[in-house]
Amino acid sequence: MKTIDTKTYKIHFNLSAYKHINNYIEDSNPSTIFILVDQNTHELCLPHLLAEISTTKTIEIIEIEAGEINKTIETCVGVWNVLSELGADRKSLVINLGGGVITDLGGFVASTFKRGIAFINIPTTLLSMVDASVGGKTGVDLGTLKNQIGVINTPEMVIIDSTYLKTLAQSEMRSGLAEMLKHGLIQDKLYWDKFKDLSLLDMDNLDELIYESIQIKKHVVDIDPRENGLRKTLNYGHTIGHAIESYYLSHPHKKDLLHGEAVAIGMILASYISTKLSGLSEAENTEIKDVINSIYDYVEINESDYEKIIELLKYDKKNSHGNINFVLLTAIGDTKIDCLVSNELIIEALNYYNSSY
Ligand SMILES: O=C(O)C(=O)C[C@@H](O)[C@H](O)[C@H](O)COP(=O)(O)O
């Protein structure tokens, strides 16, 4: 039985983890349990969870629409209203059962309802397991601008049960993989090396890879929970990645781009920029580009879109005093934060990405 102890809560792994929820419910005696789902996790994941939870307490199910486009304050208002109508009080418990949208939004809803009620995250996507559900970032998008509204607040516990991944689309698995690659790139070359040849990757070992990925994230967040320094490195590839993701969210006729797919492009761009500004070697840059390109489909970014994507960088949450602060690599496994990058170099990097296939 595996558990990771963060400074403020525990992350329990696999089927035996549910006993911790059951113990928690017995000890904390919540007035009502609310399980937040979307239509997918309602159908595919909730039956599994309900079979594992043993309680005589009332359980209410709240369903929201799936998809990043619904990670908005309007959806929160809907959930707050349902909580209120169903008589939720400060002793209620919210269990977030879903991907990053559910754990981000559900964590935010719980953290702000009546100034904060308890929540537990049960991530059902790879991305949410290795990244979104861990670390306490909760929140929603402002229109299509990523995660502009939110609070950092930790769950009571996180349950990682890879059984949920059996129903997950390959594109969603790839999306989560991007954050695992990122963890290797920013902290742990040996972990990155495991992904260098995907044909050698043992998917039977996925639980271990997830565990190691969460260990890396936990290590960073424990040192810098409020993102004053080291935690910024978890945003590697996200500065332009978020801008690209926002741009595609606001242009739904373009390709449907998942968060990890946008971050994968962002990591290629940031690595290229790292060769110019922070000493990443050409060889490591090529390695990063080749590994990422071997996993993700090429997404054409038109030259006519460059300016609008660059414009979106001004909403990045790492910005300060009018500066856009990039995270760059000095080598695989080592980073430099708060790097200023000219628009010309960003355009050069976008051209590099477009010609890299
Ligand atoms: O936990 C963090 O810190 C991260 O930056 C992890 C990111 O991978 C994650 O996508 C996060 O939700 C983005 O955070 P944001 O603060 O840039 O919105």
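All ligand and atom numbering here is 1-based and tracks the order in the structure.
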Visitor: Pick out which of Asn293, Leu181, Ile332 makes a side chain to side chain contact (heavy atoms under 4.5 Å, CB included) with Ile288.
Guide: Ile332
Visitor: Under the side chain to side chain contact (heavy atoms under 4.5 Å, CB included) rule, what do His12 and Ile4 come out as? Steps first, then yes or no, please.
Guide: CA-CA 7 Å; His12 302 290; Ile4 292 180; over 6 Å; no
Visitor: Can you sort out which atoms of ligand 1 are near Glu227, meaning under 4.0 Å from one of its heavy atoms?
Guide: 3 (O)
Visitor: Got the closest protein heavy atom to atom 8 (O) of ligand 1, with its distance?
Guide: Asp131 OD2, 2.6 Å
Visitor: Counting non-hydrogen protein atoms only, what is the nearest one to atom 12 (O) of ligand 1? Give residue, atom name and distance.
Guide: Asn147 ND2, 3.8 Å
Visitor: Please determine whether any non-hydrogen atom of Lys217 lies less than 4.0 Å from an atom of ligand 1.
Guide: yes
Visitor: Search all heavy atoms of Thr138 against all heavy atoms of Asn153 and return the closest pair with its distance.
Guide: CG2-O, 3.9 Å
Visitor: So, 4.0 Å and heavy atoms of Lys318: is ligand 1 close enough to count as a contact?
Guide: no
Visitor: Which ligand 1 atoms does Arg231 reach within 4.0 Å, using its non-hydrogen atoms?
Guide: 1 (O), 2 (C), 3 (O)
Visitor: Pick, from Lys137, Lys146, His238, Glu245, the option with the minimum heavy-atom distance to atom 4 (C) of ligand 1.
Guide: Lys137
Visitor: Which is it for Val151 and Phe108 under the side chain to side chain contact (heavy atoms under 4.5 Å, CB included) test, yes or no, and what are the steps along the way?
Guide: CA-CA 7 Å; Val151 295; Phe108 178 65; 4.2 Å; yes
Visitor: Going by the atom numbers of ligand 1, which of them fall below 4.0 Å from some non-hydrogen atom of His259?
Guide: 10 (O)
Visitor: Can a donor-acceptor pair be found, under 3.5 Å and without considering hydrogens, that links the side chain of Arg90 to the backbone of Ile117?
Guide: no
Visitor: Counting only N and O atoms by type, is there a donor-acceptor contact under 3.5 Å from the side chain of Lys7 to the main-chain atoms of Asp222?
Guide: yes
